[in-house]
Amino acid sequence: MADRYSQPPITRRDFLISGVAAAAALSGRGFAQTGQPPVDQNPIRRRGTGLRGLDEARASPGLTLFAPMGDTAVHLIDLRGMIVHTWHMPYRPGLYGYLTDRGTLFFNGQIPNDTFLGKQPFMGGAAMEVDWNGKVLWELRRPDHHHDGRRLRNGNVVLLCGRELPADIAKRVRGGRPGTEVDGKAMWADVVVEATTDGKVVWEWRSWEHLDPEKDVIIEVQGTREEWTHANSVFEEPDGNLLVSFRNISTVIRIERSTGKILWKLGAPPLGGQHAPYRLANGNILMFDNGPHRLDHTFPYSRAIEVNSANNEIVWKYQEAREFNFFSPRISNAVRLPNGNTLINEGSFGRFFEVTREGDVVWEYVNPFFGPATQTVKLQQNNVFRVYRYSDEEIAQAQSQN
């Protein structure tokens with residue numbers, strides 16, 4: 001395990017000498033070691049990686065956790081962009097990890113298989129918990145798991161899973177380009193599964209039994225019909241009910257666990273391919289609204305929005321003054337921090353930044369870890385599905401789990 005004492009120091013002078021060279025140093029891979037030409041042929045890395053800016057007086061203290069999607073490592077960095085701790089996992093993320101309330105690392109791992117779902121970049125396959133030193137405490141495998149899995153307060157696990165739609169329902173789904181179904185005929189949809197850590201299923205919610213294929217349409221007219229709903233996140237609310245986000249239909253719903261009924265729903269507009277909604281302490285819902293296909297705007301742009309679910313009004317948002325300067329068509333998340341700031345992950349470009357309530361950027365970091373190594377330089381990515389920040393107290397609790 002890497003920690004703050006085993007990392008070679010990077011001075012401020014080193015960082016300022018050259019944006020590109022310093023970024024390579026922060027990632028631990030200089031041009032000489034990688035054999036890259038004088039002009040880096042990866043456009044995202046060429047713009048600069050590592051720490052890009054810090055207003056320490058206004059930034060929320062703590063360590064930021066992220067899992068590069070092209071690697072098997074999970075990193076904690078401080079506000080200066082230095083790696084404080086690394087977990088080396090048995091799988092690439094499928095698609096991320098987070099610290100539980102008791103300080104363990106919950107990790108969704110990727111285990112591909114030969115099904116339609118198993119070949120997708122959003123494939124999961126494994127959920128597990130590990131301690132500070134990386135010891136696996138338990139592991140659950142499901143070949144239909146994708147995107148997200150969370151530890152529930154009752155000790156069970158909730159997973160997003162995929163299943164082929166019954167043919168009669170698939171024919172009724174509206175939207176998407178005709179003829180783009182899997183093998184020209186099949187369509188997949190989502191199942192939310194609650195299971196024990198040893199894999200026993202205790203609750204299941206099937207999307208086609210609660211959503212309407214003729215009303216909950218695939219929003220992208222240019223989208224494929226391989227999937228109908230495409231769930232990308234699940235979150236347990238304080239009362240035990242679940243918030244679930246569906247990208248293809250640009251919809252977030254609240255599911256009553258005891259009955260399976262949909263208690264609340266928000267769709268397009270205002271949403272457009274959103275990710276990672278969760279309930280704030282004030283009762284509102286914060287999410288990353290990707291916006292690759294907006295029904296109420298002429299071009300795509302992203303934003304973080306806070307929604308009052310009582311009336312579906314947007315009560316706060318962050319977007320760039322020139323809207324198209326901030327955009328992640330897929331993945332990404334936003335997290336409210338203790339000081340009222342918001343941590344935002346522009347996931348498609350591995351860019352994490354913190355903004356004040358007024359929209360000032362007070363911290364910015366770009367993931368310097370590109371992969372997978374098997375790809376050419378031009379095809380390597382620094383994508384990150386989600387990021388989180390943890391306080392010194394939460395880190396101390398995690399360190400005690402060994």
Inset, instruction - State whether a side-chain donor-acceptor pair under 3.5 Å links D216 with W228. - result: no
Inset, instruction - For the residue pair H85 and Q399, confirm or rule out a side-chain donor-acceptor distance under 3.5 Å. - result: no
Inset, instruction - Classify the side-chain pair Q401/T104 by whether it contains a donor and acceptor separated by less than 3.5 Å. - result: no
Inset, instruction - State whether F353 and R351 meet the cation-pi test: NZ (Lys) or CZ (Arg) under 6.0 Å from the six-membered ring centroid, and within 45° of the perpendicular axis. - result: yes
Inset, instruction - Give a yes or no on this: more than 12 heavy atoms of other residues, nucleotides or ligands lie within 6.0 Å of atom CZ of R322. - result: no
Inset, instruction - Take atom CZ of R357 as the centre, draw a 6.0 Å sphere, and report whether it contains more than 12 heavy atoms from other residues, nucleotides or ligands. - result: yes
Legend entry - Side-chain donor-acceptor pair present, S328, S348, cut-off under 3.5 Å: yes
Legend entry - Ring-face cation contact, F235 with R150, 6.0 Å cut, 45° max: no
Legend entry - Any donor-acceptor N or O pair under 3.5 Å, side chains D148, S233: no
Legend entry - Between E306 and N284: side-chain donor-acceptor atoms closer than 3.5 Å: yes
Inset, instruction - Only pairs at least two apart or in different chains count here, so list each ring pair (Phe, Tyr, Trp, His ring centres under 6.0 Å) that has a residue in residues 161-189. - result: F116-W188
Inset, instruction - Please check if atom CG in D168 has more than 12 non-hydrogen atoms from other residues, nucleotides or ligands closer than 6.0 Å. - result: yes
Inset, instruction - Answer yes or no: is there a side-chain heavy-atom contact under 4.5 Å between V252 and V244? - result: no
Inset, instruction - Could you tell me whether the side chain of L242 reaches within less than 4.5 Å of the side chain of V158, counting heavy atoms only? - result: yes
Inset, instruction - Return yes if a side-chain donor-acceptor contact under 3.5 Å exists between S391 and E394, otherwise no. - result: yes
Legend entry - Lys NZ or Arg CZ of R389 over W363 ring: under 6.0 Å, within 45°: yes
Inset, instruction - Return yes if a side-chain donor-acceptor contact under 3.5 Å exists between R92 and T72, otherwise no. - result: no
Legend entry - Under 3.5 Å: donor-acceptor pair, side chain of S245, backbone of Q274: yes
Inset, instruction - Flag yes if more than 12 heavy atoms outside K265 fall under 6.0 Å of its NZ atom; otherwise flag no. - result: yes
Inset, instruction - Kindly say whether the aromatic ring centers of F385 and F122 come within a distance under 6.0 Å. - result: no
Inset, instruction - With sequence neighbours left out, write down each residue that passes side-chain hydrogen bond (donor to acceptor under 3.5 Å, both in side chains) with D239, or none if nothing qualifies. - result: N241, R254
Legend entry - Ring center gap for Y301 and F324 short of 6.0 angstrom: no
Legend entry - T356 and N341: side chain donor to acceptor below 3.5 Å: no
Legend entry - Ring centres under 6.0 angstrom apart (F106, Y388): no
Legend entry - Exceeds 12 heavy-atom contacts within 6.0 angstrom, atom CG of D183: no
Inset, instruction - Check whether NZ of the Lys or CZ of the Arg R386 lies under 6.0 Å from the centre of the six-membered ring of Y96 and within 45 degrees of that ring's axis. - result: yes
Inset, instruction - Compute whether any side-chain donor of one residue and acceptor of the other, for H275 and N232, lie under 3.5 angstrom apart. - result: yes
Legend entry - CG/D101: more than 12 non-hydrogen atoms of other groups inside 6.0 Å: no
Inset, instruction - Take D71 and F370 through the side-chain contact (heavy atoms from CB on, under 4.5 Å) test and state the conclusion after the steps. - result: CA-CA 8 Å; D71 198 359; F370 285 68; over 6 Å; no
Inset, instruction - Determine whether the side chains of E227 and N248 contain a donor N or O and an acceptor N or O closer than 3.5 Å. - result: no
